[in-house]
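Read the structure below first, then the notes.
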Amino acid sequence: MEARLVDEIPAGDDWQYEPKWDGFRCLAFRHGEEIYLQSKAGQPLARYFPDVVSAVARLPERQFVLDGELVVPVSGALSFNELQLRLHPAASRVQKLAKAHPATYIVFDLLAGNGQVYLERALRERREFLETFSRLNFRSARQLRLSPATTDHAIATAWFNKTGGDLDGILAKRLDAPYASGERTAMVKVKQIRTADCVVGGFRYARDSRLIGSLLLGLYGDDGLPPRGIHICFQSIRTSRVNKEI
């Protein structure tokens, strides 16, 4: 289910509000011993998050589909940089990263469980099922968390005012809507917009792709850009989000 970007948090009794976490969207499938993690684009993620696979495997429930966000906490805050480092081709490197900074799966929807598919159920029903699921399964699962949710607009506004760091914005979902796979009709997102004036000094293509892999950016200081060797102020940044937006 996709989200449509809007300027303000919608108000009314028909909405449920949730934090928008700064991580990777992920569907988690389990059928007995088989566990599959899938990105929003349909790509497999299990090889990059073996710690989350192990955590899901230890849950008492044996058959379910969850929707949530993969994040990596570091020193009490979520690190998007550590999250991106997980996308490494070497399994040994991934294992080392997982041991140093275990990932967390923050769950906000239950799409199937108890031998039933819940896609056609309204969100208010799915949330009740999810809360029951979390009570029965997440109690001793440190790497799986239930994402908070509220129908109080004031609480959602307070969350939004704290946006930055762990939070990327606010999600608002229609309580009476079924799970709208691949659509933007049942969920909207509100994000804090920040701007900065930069100089683009160059770019590199992503490996085996014509997408931009990184940018060389220069930030202005109080005295403008450094007069000697402008490259000193350039920093390479990942641009996966830029590619996703454009």
Practice item. Measure the spacing between CG of Asp176 and CG of Leu123 and express it to the nearest 0.5 Å. Key: 9.0 Å
Check your understanding: Should Phe129 and Asn114 count as side-chain neighbours, where that means a heavy-atom distance under 4.5 Å?
Key -> no
**Study point:** ring pair (Phe, Tyr, Trp, His ring centres under 6.0 Å) assessment of Phe24 paired with Phe80
**Key:** CA-CA 9 Å; Phe24 290 166; Phe80 195 79; 5.7 Å; yes
Review point. Judged by modelled atom types alone, do Ser147 and Trp21 share a side-chain donor-acceptor pair under 3.5 Å?
Key: yes
Revision key, fill the gap. Taken in chain and number order and not counting sequence neighbours, the residues that satisfy side chain to side chain donor-acceptor pair (under 3.5 Å) with Glu18 are Gln16, Lys173
Review point. Are Lys20 and Glu69 close enough for a salt bridge, meaning some N to O gap below 4.0 Å?
Key: no
Practice item. Establish, from distance only, whether the side-chain atoms of Tyr179 and Asp67 form a donor-acceptor pair under 3.5 Å. Key: yes
Check your understanding: Hey, are the side chains of Gln116 and Arg121 touching, using non-hydrogen atoms and a 4.5 Å cut-off?
Key -> yes
Review point. Could you state the interatomic distance from CG (Leu70) to OG (Ser39), rounded to the nearest 0.5 Å?
Key: 10.0 Å
Review point. Looking at Pro10 and Ala172, what are the two nearest heavy atoms and their distance?
Key: CG-CB, 3.6 Å
**Study point:** Shortest non-hydrogen contact between Arg139 and Arg135, atoms and distance
**Key:** NH2-O, 3.9 Å
Check your understanding: When you look at Thr163 and Asn161, which way does the side-chain contact (heavy atoms from CB on, under 4.5 Å) test go after all the steps?
Key -> CA-CA 5 Å; Thr163 296; Asn161 291 335; over 6 Å; no
Review point. Linking I/L/V/M/F/W/Y whenever any side-chain heavy atoms sit under 4.5 Å apart, do Leu136 and Tyr118 land together?
Key: no
Review point. Are there more than 12 heavy atoms of other residues, nucleotides or ligands under 6.0 Å from atom CD of Glu8?
Key: no
Point to revise | CG/Asp7: more than 12 non-hydrogen atoms of other groups inside 6.0 Å | key: no
**Study point:** Closest heavy-atom pair and its distance - Val71, Gly23
**Key:** CG1-CA, 4.1 Å
Could you give the side-chain donor-acceptor pairs of residues 41-61 under 3.5 Å, partners two or more places apart or in another chain?
unit_1 : atom_1 : unit_2 : atom_2 : d
Arg47  : NH1    : His88  : O      : 3.3
Arg47  : NH2    : Pro89  : O      : 2.9
Asp51  : OD1    : Arg86  : NH1    : 3.2
Asp51  : OD2    : Arg86  : NH2    : 2.9
Asp51  : OD2    : Ala103 : N      : 2.7
Ser54  : OG     : Pro50  : O      : 3.1

**Study point:** Plane angle bin for Tyr17 and His153 - parallel if under 30°, tilted between 30 and 60°, otherwise perpendicular
**Key:** perpendicular
Revision key, fill the gap. CG of Leu130 to CZ of Phe138, rounded to nearest 0.5 Å, is 6.5 Å
Review point. Which value, rounded to the nearest 0.5 Å, describes the distance between Asn81 atom CG and His101 atom NE2?
Key: 10.0 Å
**Study point:** Gap separating the CG atom of Asp109 from the CG atom of Leu111, nearest 0.5 angstrom
**Key:** 5.0 Å
